[in-house]
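To find a chain, count down the sequence lines: A is the first, B the second, and so on, and within it residues start at 1.
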Amino acid sequence: MGVLPGIWLSKVPPTPGLKPLTPLEARGRDVYVSEGCFYCHTQQVRPLSGDKPFGRPSAPGDYAYQTTELLGSERTGPDLSNIGTRQSSSIWQYIHLYQPRAVVPQSIMPAFPWLFRVVDELPPGEKAVPLPPQFAPGGVVVPNDDGKALAAYLLSLKQPALVPTQSGAAPLSPTTEPLGFDATKGAALFADNCASCHGAEGKGVPGTFPPLAGDPVVSAANPTAHISAVLRGLSGKVINVQKYEAQMPAFADQLADQQIADIINHERSSWGNRGALISAADVVAARANEPLPKQATSPEQVSPIATPTPSFDAAEGSKLFADNCAACHGAEGKGVPGTLPPLAGDQVVNATDPAEHITAVLRGLSGKAINGQKYEVEMPPFADRLSDQQIADIINHERTSWGNQGPLVTPADVTKLRANK
Amino acid sequence: MLDSAAAIPLRTGAPDDRVLARVFAAYVASAAIWLVFSTAVGLLVSFKFAYPDFATTPALSFGRLRAIHTSGTFYAWASQALIGLALFVAARSSGAKLYSERLAWISLALLNLAAVLGTVTLDLGFTYGQEYREWLWWIRVILGLGLITAVWNMIATVERREGEHIYISNWYTIGGTLWTIVMVVVSMLPWYQSGLGQVAVQAFFMHNAVGLWFTPLSLGVSYYALPKLLNRPIYSYSLGVFAFWTNLIFYPIIGAHHFEFSPLPWWLQTTAIVFSVAMLVPVLSGTANFLLTFRGTREWIYRSPAMFILVGVYGYLLGSTQGTFEAFRSLQQLWHLTNYTVGHSHLTMYGFVTFAIWGGIYALLPRATGKYPYNLAMGIHFWLSAVGVVIYVAALSAAGTIQGLDWFRGLTFIQSVEDAAPYWLWRSVGGSLMFAGHLVFAFNVWTMTYSRSYAELAAAETVPA
């Protein structure tokens, strides 16, 4: 029972784009193992709503180069499958390893000062770890070889995108024919709930996650099977002679009927698919397990196009900020002066013209001088990780919190600057 | 059955018995030292949740000590105690003398050698990096040799039995040890353990290390100790045999329920869930068998070591049933990867296995050495450990549920850490009580073995048959 699956699963081919570890990263993994990081940090993202902040659901091929396996059995600290993308600054990693509470005050992670050495003078070719004064040991702190290897390993933990991204995020093309459903909403819901496996372009990863473009169920005139798959999930299905083992989660409890209808209509009208559209009522019927003999409803019945709202969702903004920004800038926007820039009272955050603020979030920053203080820690770009709406929410949260009084922005502002490469 | 354990005469005083008593006492004393050491480590580690900057040195860091705590309690404390008990039961239930005293010493030496080397290497940061098999492979070879010599001794002793029949305890202890040897070998060979394949093997190993080693040995020992204590036969011999075989068939298949929603194949996970439900069969029949054996006992058992076994039986019932329910996907969504699992593992390894071992030791060691523990000290040990483990399991079950709900509600991760913090402090409170209980237990072991206490003299006149 252990051996047979072992023989067979040892031969899973790597996910396309997955890189083997360099010797330095491999040494870092040994440090990760010997310090027991895996007792508190998992490396498996489950297809469950609670796991979403950690990346896309893990695919079998993600572990092809991972022996010793480090999936873990406990998550006292966050999952690290994609930490290299989520927290891409090596300086942040160093500060956090030396003393986690220097950047995350509530953290209970052990400190690892033995991965560093304290010297009187900065050796040539080394970079000092810019610790906040109350945590600095008096002297210059530089990572030792184990410390460098561990940071390199952590930064190598990037889930390969399951879709080739040669064209970047394609703007949603305005459709010439009226689709009769809210295309923007459908696309956004699809991006949030489905794209991590099926890909933004519906291409999936043949053999691991089924493509939706050209799929017979998606294009079928009778939508019953399609709706049912979204409501109840699927696994072990054979599509085009290929068996798909990965579990598709059930969305019945996670999404409203209208949302499911929007997603399904998005899938049925994108990437060359031309399936008949459905309405929320069809989803209600499918939920009740009624067969749908009729053709899908005519477009007129479906939801009216939502008007864009000028205000912003403060709760959403605050949550997104906590997930993406607070680790460095602090929940109170205070940052760590000298190491990680404060946002409270920052000029750019309060500026009337939001362009610089938006650009910083979209493309990241490093080496910038603020109030005569140079900040070395690299801020990662968020353009590929967050939607325009999400970035606008974050920026509006920053502009309305901790005494800041910057004017609000709209997702359209973000869209414009995104295009402005 | 005619030849139930209660019917087998004790022959204290014969030279054979002195050899047996000497071996048994040494195993228990060695195990008790490991218990105190490993749980001291566990207690230290638990305080690091509240004071993460306490004792920040490599040798005292959480990532290294955690493995020392789990490996120490598993392969030193519980394994040594259970093998000592199993050797004693093999000889006594067969009415034969121990096959080889020298072999018994060799096993004990190998087990201790593995435990010492394992502890030292883990503390220096050398680990295989897989939960419950952290010891380096050559240390696990030593452990395996310890098990092989032990099972050889058990089988050869039972071979010398007087009747044709093999008492049920020996089925459990010998069966469990043989299975564990197979498992140790399977977990060591590298050919099928790369990437996801290693996950499958790990799922197989980490679960069976508990269920095919500690479970059958604890049950087997209880099948001998309980009839001795209550002076009546086990309720149903056939029910015990039935539970043995169903346990053996169902258990090896359920390990993958530790990796639900992981990239392991979905069918493997589903199979594991189905057989997790099937495990209710041996669990319920085993529990019923013990509880029916207890039926009609009078209040005097509250002052008897049988209380340890009673707690063990309830720990077995609760822990195993909880395990079945945890395996369901709907509940696993909430509880998997949280501290709930840690609560569960302590309910089973402590509430069941460790209590059953204590019951066996308090029941049988005085019968071997003729030295009895103070009743008061036994009572203090019982209550410290029982109250401690209840606080421990309750605190971590609550912590795990809160963590799971926080993740579900999409709160930030650090929020789940803050919300669980008060319960971690309660866990340390429970752990402190448990550890205090272990110190009293160590004292009791000393009274039962190497001391010349007045309890020995007082009790010697009133030894029941």
Side-chain angles (χ1 to χ4, degrees), chain A residues 1-3 5-12 33-40 42 44 46-53 58-60 62-78 100-101 104 106-114 235-236 245-247 319 322-323 326, chain B residues 48-50 52-53 56-58 61-64 66-67 125-131 186-187 191-206 252-253 255 258-259 261-268 333 336-339 341-342 403-404 407-408 410 412-414 417-418 421:
Chain A
M1 194 58 197
V3 175
I7 293 171
W8 164 53
L9 290 168
S10 288
K11 293 179 189 146
V12 174
V33 170
S34 96
E35 297 301 346
C37 304
F38 62 94
Y39 291 120
C40 293
T42 52
Q44 48 168 324
R46 301 169 296 170
L48 298 176
S49 67
D51 281 25
K52 253 191 216 166
S58 299
D62 293 354
Y63 302 92
Y65 301 121
Q66 200 189 75
T67 313
T68 312
E69 60 88 7
L70 296 168
L71 269 72
S73 67
E74 212 184 319
R75 199 180 271 167
T76 307
R101 280 152 293 287
V104 185
Q106 313 95 315
S107 170
I108 61 160
M109 178 171 131
F112 294 91
W114 58 92
S235 89
E245 293 285 1
Q247 167 72 5
K319 156 118 180 54
D323 279 350
Chain B
K48 282 176 172 269
F49 280 73
D53 285 322
T56 300
T57 58
S61 68
F62 177 89
R64 298 186 187 183
R66 186 196 194 265
F126 297 99
T127 169
Y128 181 63
Q130 296 280 290
E131 233 180 325
V186 162
S187 75
W191 315 304
Y192 40 79
Q193 299 200 48
S194 96
L196 209 55
Q198 196 180 29
V199 179
V201 178
Q202 173 64 6
F204 169 80
F205 179 82
M206 77 190 287
I253 310 175
H258 284 259
F259 287 96
F261 297 106
S262 81
L264 279 189
W266 201 252
W267 63 261
L268 194 66
Q333 285 191 13
H336 190 34
L337 306 179
T338 71
N339 270 257
T341 319
V342 186
Q403 285 176 306
W407 299 346
F408 239 116
T412 56
F413 189 85
I414 195 74
V417 176
E418 286 181 72

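- Considering only residues two or more places apart in sequence or on other chains, A:A111 meets the side chain to side chain contact (heavy atoms under 4.5 Å, CB included) condition with A:Q99, A:P100, A:R101, A:P113, B:D53, B:T56.
- Across all non-hydrogen atoms, the minimal contact from B:G129 to A:T68 is O-CG2, 3.4 Å.
- The distance from the CD atom of B:Q130 to the CD atom of A:E69 is 4.0 Å, given to the nearest 0.5 Å.
- For the pair B:S61 and A:W114, the minimum side-chain heavy-atom distance is below 4.5 Å.
- For chain A, the nearby part of B:T57 is the backbone; its heavy atoms alone come within less than 4.5 Å.
- Atom OH of A:Y65 has more than 12 neighbouring heavy atoms from other residues, nucleotides or ligands inside a 6.0 Å radius.
- Of the two parts of A:L48, only the side chain, counted from C-beta on, holds a non-hydrogen atom closer than 4.5 Å to a non-hydrogen atom of chain B.
- Of all heavy-atom pairs between B:P52 and A:M109, the closest is CB-O, 4.0 Å.
- Looking at A:P53, there are no atoms closer than 4.5 Å to chain B (heavy atoms on both sides), in backbone or side chain.
- Between chain B and the residues A:V104, A:L70, A:V12, A:I7, the largest count of heavy-atom pairs under 4.5 Å involves A:I7.
- The contact between B:Q193 and chain A is made entirely by backbone atoms, counting heavy-atom distances below 4.5 Å.
- Of the listed residues (A:Q106, A:K11, A:K319, A:K52), the greatest number of heavy-atom pairs within a distance under 4.5 Å of chain B belongs to A:Q106.
- Under the salt bridge (Lys or Arg N to Asp or Glu O under 4.0 Å) criterion, A:D51 pairs with A:R46, A:R75, not counting sequence neighbours.
- Residue B:F259 comes nearest to A:Q44 through the heavy atom pair CD2-NE2, 4.2 Å, listed as atom of the first residue, atom of the second, then distance.
- B:F413 and A:P78 get closest at one heavy-atom pair: CE2-N, 3.3 Å.
- For the set A:S34, A:G36, A:G50, A:S10, the count of heavy-atom pairs under 4.5 angstrom toward chain B peaks at A:S10.
- With chain B as the partner, the residue from A:S58, A:S73, A:P110, A:S107 showing the most heavy-atom pairs under 4.5 Å is A:S73.
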I would like to know whether B:Q198 and A:L9 meet side chain to side chain contact (heavy atoms under 4.5 Å, CB included); could you show each step before the answer? CA-CA 8 Å; B:Q198 196 180 29; A:L9 290 168; over 6 Å; no
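- Contact of B:T338 with chain A is made through the backbone alone, with heavy-atom distances under 4.5 Å.
- For the pair A:I108 and B:V417, the tightest heavy-atom approach, listed with the atom from each and the gap, is CG1-CG1, 4.0 Å.
- For A:T67 against B:S194, the heavy-atom pair with the smallest separation is OG1-CA, 3.4 Å.
- Within the 4.5 Å cutoff, no side-chain heavy atoms of A:D62 are placed close to those of B:P263.
- For A:T42, the part lying under 4.5 angstrom from a heavy atom of chain B is the side chain only.
- Here the CG-CD distance, from B:L196 to A:Q66, works out to 9.5 Å after rounding to the nearest 0.5 Å.
- Contact annotation for B:V186: only side-chain heavy atoms (C-beta onward) come within less than 4.5 Å of a heavy atom of chain A.
- Of the two parts of B:F205, neither the backbone nor the side chain holds a non-hydrogen atom closer than 4.5 Å to a non-hydrogen atom of chain A.
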